[in-house]
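Notes to accompany the following structure.
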Protein chains: 2
Amino acid sequence: MATIKDVANHAGVSVATVSRVINDTGYVHENTRQKVDEAIRQLNYSPNEVARSLFKRKSKLIGLLLPDITNPYFPELARGVEDRMQESSYRLIFGNSDEDEHKERDYIQTFVQNNVVGVISSTNDPNADTYMKLKIPVVFLDRTSNDMPSVYADGREGGRIAAQQILARGSRNVTIQQGPKHVRPAQDRYQGALEILEQSGTPYQVVQTSSFSYEQAGVSAKELFQKYPDTDGVIASNDIAAVAVLHEALRLGRQVPDELQIIGFDDIPLSSLVYPTLSTIHQPAYEMGREAAGLLIEIMENGYALHNNIQMPVSFIQRDTTRKVD
Amino acid sequence: MATIKDVANHAGVSVATVSRVINDTGYVHENTRQKVDEAIRQLNYSPNEVARSLFKRKSKLIGLLLPDITNPYFPELARGVEDRMQESSYRLIFGNSDEDEHKERDYIQTFVQNNVVGVISSTNDPNADTYMKLKIPVVFLDRTSNDMPSVYADGREGGRIAAQQILARGSRNVTIQQGPKHVRPAQDRYQGALEILEQSGTPYQVVQTSSFSYEQAGVSAKELFQKYPDTDGVIASNDIAAVAVLHEALRLGRQVPDELQIIGFDDIPLSSLVYPTLSTIHQPAYEMGREAAGLLIEIMENGYALHNNIQMPVSFIQRDTTRKVD
DNA sequence: TTTTAATGAGTAACCGGTTACATATTTGAG
DNA sequence: CTCAAATATGTAACCGGTTACTCATTAAAA
């Protein structure tokens, strides 16, 4: 690869001048600029970001930490982040945390070692030392933190809506999946649903799910119907779990939505492709990713942001696993 | 952040000695080593990878380029790559190419600018200049290249298997989705299926799909049944498309698999969660990701690899959108 | 005991950029 | 025409590591 020195030699100027040309700083005579541009073109030169990063102590890299890209909700977030970052010519160092504190710390460390200028993280503990001590801006995505910048959907409200809708549509023996205990958004939804069911006075029951993996989803769905064969409404912990429940229900010959209603959470793309299509609580994942990226960029460039906590709206998407009302 | 100089001062030694300690090179007296280790601990020092990278002209970063992480097949690949890279403490700079040549070039350039030591790419044109001129090792993933390292599934064979199976199970008026023309693996499958159908002499028809997006999948499925309402077997271009077809078929009241069989491609996790579960051609995506990472590591560390072209087996997964035979 | 090899640690150049500073030339106001 | 300000460019220090080289000390071999 050609270096700035090669370009300088080729153009018969000093490296400082070349630097001025490529960064458009200081004074450069038009003729000189042209000579340099020509040399750059001929040598197909592009500056070494590592050298830049070393001197400036900042790169054009952003650290992105998500729980598990294999869960279809996260690619949407990631894509939103990427697209927005791309527009401002930032690149991503990406890692899966598996909701594991240790992996998280590990990644954050290498982010710092690589001079990233900002971090976007979906952590369950935004107040962990790892983040509090960070000297670069962090935005929490899909997670809430009062005192730190974050972009998230109103999970609790989502849970409430799910419960309200399933009751309004006639379920009288609802089962709520609690979702993994250590995953904050899962617990928020759960609490929201619980709240409504409590105050409605209708009978309900709770089942645990320990992870968001596909295998777990299948197992949990089977368990659910073994324990509560009479349930007539399921508020699933997310769409994967919901699809698994739907699948198991059909296998058992239950009529959906007439005997059994199901509401998911997330509104991943496949929700509208299964049959019957899945009613769910929509989270604007792609937009959330974009917002998080935008927020981070704002903070990186201005040192602060106008709105540090962006709560995105959730909404009920009526499809075919719930009965119609109007 | 503490620098190596801080550590050196704190320990009362030179930076060279600290460097020897952290890299475990050269001679260092045990007592000295302990002093340095203690200083590192106290200052919570970890070396700046950017400075290292600049001097060595190589980082611990790998460039990963995938078409679109939003397509559920790719997160599996990505995860496989990440997990393997993680084990050898490489990190990923990640980008979505959207199968777009320009975006690809852009990414490859910033990979180089950031001193990545290797690239894993799913490109449609492994012979493009962008790659031929690269001085760092590249492994093509989910794409074939004769002369360059690659890890891919036998798409053509997959297509053949799909056609054989759908015929063996009694479809007599098959529709093949061709998939996007510029996407190599899609065309391979298509060719494979075509081959078998041609030589079988049974009637068949071809429909185009222009992208792998969810919306497209829905539209294509509708079109398919409008054009060929009498088809009794669909070989879809991938699982997303297949699920869309399945969905549309059920909506139209077609009996699956009795009146209509459907075979997908990829075996994404959701294939076994839809109802009825989707018969499909399995690609070991996660393992392919791991293999690609392993291959790249081998090349990076030895300068060459024993097996440069790793073809992974595909297999027919019999589920419920095809009839049973035994 | 002498000689040589192994061990231990510091100095300084280097990686490829950026930028403060110095210097030279040009421009324009008075 | 003079002189300050604006323009143009080069020199060299710096970012935070790594490593070649030098020198001193210690251990081992002769």
Side-chain angles (χ1 to χ4, degrees), chain A residues 1-37 39-40 43-61 109-117 135-136, chain B residues 1-40 43-61 89 109-117 135-136:
Chain A
M1 289 296 103
T3 72
I4 198 172
K5 236 174 253 169
D6 300 329
V7 176
N9 289 151
H10 203 270
V13 299
S14 73
V15 293
T17 300
V18 177
S19 180
R20 282 183 204 110
V21 171
I22 59 189
N23 294 300
D24 206 19
T25 55
Y27 294 111
V28 179
H29 192 93
E30 184 51 32
N31 297 340
T32 313
R33 179 186 307 280
Q34 283 179 15
K35 272 194 301 183
V36 172
D37 281 337
I40 288 175
L43 298 176
N44 191 23
Y45 167 77
S46 74
N48 183 324
E49 284 297 332
V50 176
R52 277 188 168 163
S53 167
L54 178 59
F55 183 84
K56 298 217 180 174
R57 288 191 219 72
K58 36 169 81 177
S59 65
K60 291 294 272 179
L61 298 173
Q109 192 190 13
T110 58
F111 288 167
V112 171
Q113 288 180 300
N114 284 284
N115 281 5
V116 303
V117 274
K135 288 181 185 60
I136 46 175
Chain B
M1 290 295 101
T3 72
I4 197 172
K5 236 173 251 167
D6 300 328
V7 175
N9 289 151
H10 202 270
V13 300
S14 74
V15 295
T17 301
V18 177
S19 180
R20 281 185 204 109
V21 171
I22 59 188
N23 295 300
D24 207 18
T25 55
Y27 293 112
V28 179
H29 191 92
E30 184 51 29
N31 298 339
T32 313
R33 178 185 307 281
Q34 283 178 16
K35 272 193 301 182
V36 171
D37 280 338
E38 178 59 16
I40 288 174
L43 298 176
N44 191 24
Y45 167 77
S46 75
N48 182 324
E49 284 296 334
V50 176
R52 276 188 169 163
S53 167
L54 178 59
F55 184 85
K56 299 216 181 171
R57 289 193 218 69
K58 38 168 77 178
S59 65
K60 291 295 269 180
L61 298 173
S89 60
Q109 191 190 11
T110 59
F111 289 167
V112 171
Q113 289 181 299
N114 283 285
N115 281 5
V116 303
V117 273
K135 288 181 184 62
I136 46 175

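Chain A is the first sequence line, chain B the second, and so forth, proteins listed ahead of strands; every chain is numbered from 1. These values consider heavy atoms only, across backbone and side chains, with no hydrogens, waters or symmetry-generated copies.
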Determine the minimum heavy-atom distance between B:Val28 and B:Arg20, stating which atoms define it. CG2-CB, 3.5 Å
For A:Asp24 and C:dT19, give me the distance from atom CG to atom P, rounded to whole Å. 13 Å
Quick one: bend of the helix from C:dT1-D:dA30 to C:dG30-D:dC1 from 5 pairs per end, to 10°? 40°
I need a per-nucleotide contact map over nucleotides 4-11 of chain C, read 5' to 3'. Cutoff is protein heavy atoms under 4.0 Å; write B for the base, S for backbone only, - otherwise. --SBBBBB
Just by distance, no angles: are the side chains of B:Gln34 and B:Glu30 close enough, under 3.5 Å, to form a donor-acceptor pair? yes
Between CD1 of B:Ile22 and P of D:dG17 the distance, given in whole Å, is 7 Å
I'd like to know whether B:Arg33 forms a side-chain contact (heavy atoms from CB on, under 4.5 Å) with B:Asp24, so could you lay out the CA-CA distance, the side-chain angles of the two residues, the decisive distance to 0.1 Å, and finally the verdict. CA-CA 10 Å; B:Arg33 178 185 307 281; B:Asp24 207 18; 3.7 Å; yes
Using the test salt bridge (Lys or Arg N to Asp or Glu O under 4.0 Å), find all partners of A:Arg57 that sit at least two apart in sequence or belong to another chain. none
Does any non-hydrogen side-chain atom of A:His10 lie less than 4.5 Å from one of A:Leu43? yes
The correct set of residues in residues 4-11 of chain B placing a heavy atom under 4.0 Å from DNA chain C is none
Enclosure of B:Lys60 NZ (heavy-atom neighbours >12, cutoff 6.0 Å): yes
Other residues, nucleotides and ligands only: do more than 12 of their heavy atoms fall within 6.0 Å of NZ on A:Lys35? yes
Whole-Å distance separating the CG atom of A:Asn114 from the P atom of D:dG16: 15 Å
Is there a side-chain contact between A:Tyr45 and A:Ile4 (heavy atoms, below 4.5 Å)? yes
Validation row: B:Val13, B:Val18 side chains within 4.5 angstrom (heavy atoms): yes
Answer yes or no: is there a donor N or O on one side and an acceptor on the other, between the side chain of B:Asn9 and the main chain of B:Asp6, under 3.5 Å? no
Nucleotide D:dA8, atom P - distance to CG of A:Asn23 in whole Å: 17 Å
Any heavy-atom pair between the side chains of A:Met1 and B:Val112 that's under 4.5 Å? yes
Could you give the CG-to-P distance, from B:Leu43 to D:dG16, as a whole number of Å? 14 Å
Expressed in angstrom and rounded to an integer, what is the separation of A:Lys35 atom NZ from D:dA8 atom P? 13 Å
Can you check whether B:Thr3 has a side-chain N or O nearer than 4.0 Å to OP1 or OP2 of D:dG16? no
Taking only residues two or more places apart in sequence, or in another chain, which ones meet A:Arg52 in a salt bridge (Lys or Arg N to Asp or Glu O under 4.0 Å)? A:Glu49
Donor-acceptor contact below 3.5 Å, side chain B:Ser59 vs main chain B:Asn115: yes
Tell me, which of residues 47-56 of chain B have any heavy atom that sits under 4.0 Å from an atom in DNA chain D? B:Pro47, B:Asn48, B:Ala51, B:Arg52, B:Phe55, B:Lys56
